[in-house]
Amino acid sequence: MKLRLTSPSDLIDLGTIKDLSGIKLSGNAVEIGAMTRHAEVAASPEVKKAIPSLAAMAALIGDRQVRHMGTIGGSLANSDPAADYPAAVLALNATVTTNRRKIEADKYFKGLYETALEPGELITAVAFQIPKRGAYMKFRNPASRFALVGVYVADFGSGNVRVGITGAGASAFRQSEMEKALSSKFAPEAVASIKVKPDGLNNDLHASPEYRAHLITIMAKRAVEQALK
Ligand SMILES: Cc1cc2nc3c(=O)[nH]c(=O)nc-3n(C[C@H](O)[C@H](O)[C@H](O)COP(=O)(O)OP(=O)(O)OC[C@H]3O[C@@H](n4cnc5c(N)ncnc54)[C@H](O)[C@@H]3O)c2cc1C
């Protein structure tokens with residue numbers, strides 16, 4: 001609304017609906033209610049224990065004010081191309097639960113500010129699979145702190161590695177070449193020499209497609225180094 005992208009005639013505040021908020025362990029996943037604030041995820045002992053990389057990622061979102069107001073449901077419904085959670089949703093093979101259905105990570109992001117959500121559909125929770133290890137590295141836009149490029153690497157063991165990228169394209173995407181390389185050998189050198197093609201990557205006053213392509217490799221390498229620590 002502040003950016004004048006929309007001017008709704010009516011507003012419904014979801015903020016006081018308690019059932020939409022909270023964090024719980026559910027089988028091999030961590031389930032986070034849609035109205036849970038980024039600061040709650042960053043500070044949650046459950047998230048820190050089960051998926052420390054997810055808590056660390058939430059701690060990198062915006063600034064203190066943004067983290068105390070912004071919600072995971074709002075972030076994913078908005079689907080800003082430079083938001084951090086989308087990379088985690090893809091890398092941690094999350095399931096987005098709505099008032100109507102469950103949406104798999106790979107079917108959720110559709111394009112620039114576009115998701116699989118239909119008009120009137122409400123996200124109620126997001127369940128992230130718990131990996132063996134993982135890490136998120138982002139190169140921040142120094143002004144907004146959004147991701148110029150953010151790379152989330154998650155190793156689920158038995159050669160199952162997922163890599164989610166945000167900031168680089170119209171919406172978050174997985175990087176299959178890196179996933180294949182890391183599935184054979186989970187080590188920084190497995191991705192260090194991968195040259196990402198700049199075709200189709202974002203081009204704006206902050207960074208060219210070539211620079212973003214370069215950052216994907218650098219951030220992926222750093223994420224693997226961090227995950228191995
Ligand atoms: C200065 C600034 C810096 C920021 N930096 C970052 C950053 O570094 N990284 C990052 O990831 N994000 C960043 N953000 C975004 C922030 O994290 C918020 O998540 C984002 O602005 C959405 O706000 P919100 O969660 O309050 O949702 P709202 O603004 O309330 O909602 C956003 C949209 O989603 C819809 N919506 C909200 N909840 C639901 C739901 N449960 N189901 C369906 N639709 C829903 C709303 O109707 C609206 O259309 C930044 C924001 C600002 C203002």
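Whatever order the structure lists them in is the order used to number ligands and atoms, beginning at 1. Numbering starts at 1 and runs along the sequence shown.
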**Asked** With a 4.5 Å limit on heavy-atom distance, are the side chains of Met178 and Arg162 in contact?
**Response** no
**Item:** Taking atom 21 (O) of ligand 1 as the reference point, the nearest protein heavy atom with its distance
**Value:** Asn78 ND2, 5.0 Å
**Request:** Answer yes or no: does an N/O atom from Ala147 fall short of 3.5 Å to an N/O atom of ligand 1?
**Result:** no
**Asked** Closest heavy-atom contact between Ile123 and Gly73?
**Response** CD1-O, 3.7 Å
**Asked** Ignoring hydrogens and geometry, is there a side-chain-to-backbone donor-acceptor pair from Arg37 to Met69 under 3.5 Å?
**Response** yes
**Asked** Which residue holds the protein heavy atom closest to atom 34 (O) of ligand 1, what is that atom called, and what is the gap in Å?
**Response** Ala77 CB, 3.4 Å
**Item:** Subset of ligand 1 atoms that lie under 4.0 Å from at least one heavy atom of Ser144
**Value:** 3 (C), 5 (N)
**Message:** What I want to know is whether Gly62 and ligand 1 share at least one N or O pair that is separated by under 3.5 angstrom.
**Reply:** yes
**N-O pairing of Asp84 and Arg145 below 4.0 Å** = no
**Message:** Considering non-hydrogen atoms of the protein only, which is the closest contact for atom 19 (O) of ligand 1, and what is the distance?
**Reply:** His38 NE2, 3.2 Å
**Message:** A quick test of your reading: do over 12 heavy atoms of other residues, nucleotides or ligands sit less than 6.0 Å from CG of Asp19?
**Reply:** no
**Prompt:** Which residue holds the protein heavy atom closest to atom 14 (N) of ligand 1, what is that atom called, and what is the gap in Å?
**Reply:** Phe146 CZ, 3.1 Å
**Complete:** When distances are taken from atom 42 (N) of ligand 1, the protein heavy atom at minimum range is Ile123 N, 2.8 Å
**Prompt:** Under the criterion side-chain contact (heavy atoms from CB on, under 4.5 Å), which of Arg222, Gln226, Met57 is the partner of Tyr136?
**Reply:** Met57
**Request:** Inspect the contact between Glu225 and Lys221 and indicate whether a charged nitrogen and a carboxylate oxygen are less than 4.0 angstrom apart.
**Result:** yes
**Item:** Atoms of ligand 1 close to Ala34 [distance to a heavy atom under 4.0 angstrom, numbered from 1]
**Value:** 41 (N)
**Asked** Is Lys138 near ligand 1, meaning one of its heavy atoms is under 4.0 Å from it?
**Response** yes
**Fill in**
The atoms of ligand 1 lying under 4.0 Å from a heavy atom of Arg145, numbered in the order shown, are 7 (C), 8 (O)
**Request:** Taking atom 30 (O) of ligand 1 as the reference point, report whether a protein heavy atom occurs under 4.0 Å from it.
**Result:** no
**Message:** Side chain or backbone, does Asp84 bring an N or O within less than 3.5 Å of an N or O on ligand 1?
**Reply:** yes
**Request:** Could you tell me whether the side chain of Ile103 reaches within less than 4.5 Å of the side chain of Glu121, counting heavy atoms only?
**Result:** yes
**Request:** Looking only at protein heavy atoms, identify the closest one to atom 25 (O) of ligand 1 and say how far it is in Å.
**Result:** Thr71 N, 2.7 Å
**Asked** Nearest to atom 23 (O) of ligand 1, what protein heavy atom do you find, and at what distance?
**Response** Gly70 CA, 4.5 Å
**Prompt:** Counting from 1, what ligand 1 atoms have a heavy atom of Glu121 closer than 4.0 Å?
**Reply:** 43 (C)
**Message:** Take a 6.0 Å sphere around CD of Glu104 and say whether it holds more than 12 heavy atoms from other residues, nucleotides or ligands.
**Reply:** no
**Asked** Would you say Gln65 contacts ligand 1, with heavy atoms under 4.0 Å as the rule?
**Response** no
**Asked** What part of Ala83, side chain, backbone, both or neither, has a heavy atom within less than 4.0 angstrom of ligand 1?
**Response** both
**Request:** Can you sort out which atoms of ligand 1 are near Ser75, meaning under 4.0 Å from one of its heavy atoms?
**Result:** 19 (O), 25 (O)
**Item:** Within-4.5 Å side-chain heavy-atom neighbours: Arg212 and Val196
**Value:** no
**Request:** Using modelled atom types only, decide if a donor and an acceptor are shared between the side chain of Arg133 and the backbone of Ala154 within a distance under 3.5 Å.
**Result:** no
**Message:** With the threshold set strictly below 4.0 angstrom, can you tell me whether any protein non-hydrogen atom sits that near atom 48 (C) of ligand 1?
**Reply:** no
**Request:** Measure the shortest side-chain to side-chain distance between Ile194 and Ile216 over non-hydrogen atoms and say whether it is less than 4.5 angstrom.
**Result:** no
**Message:** If you take the nearest heavy atom of each of Val66, Thr124, Leu60, which one is closest to atom 2 (C) of ligand 1?
**Reply:** Val66
**Item:** Under-4.0 Å heavy-atom contact with ligand 1, by part of Arg140 that carries it
**Value:** neither
**Asked** Nearest to atom 28 (P) of ligand 1, what protein heavy atom do you find, and at what distance?
**Response** Gly74 CA, 4.5 Å
**Request:** Taking the side chain as every heavy atom from C-beta outward, state whether Leu122 and Leu14 have any atom pair closer than 4.5 Å.
**Result:** yes
**Message:** Please tell me if atom 11 (O) of ligand 1 is touched by the protein, where touching means a protein heavy-atom distance below 4.0 Å.
**Reply:** yes
**Asked** How about Leu20 and Thr36: do any of their side-chain heavy atoms sit closer than 4.5 Å?
**Response** no
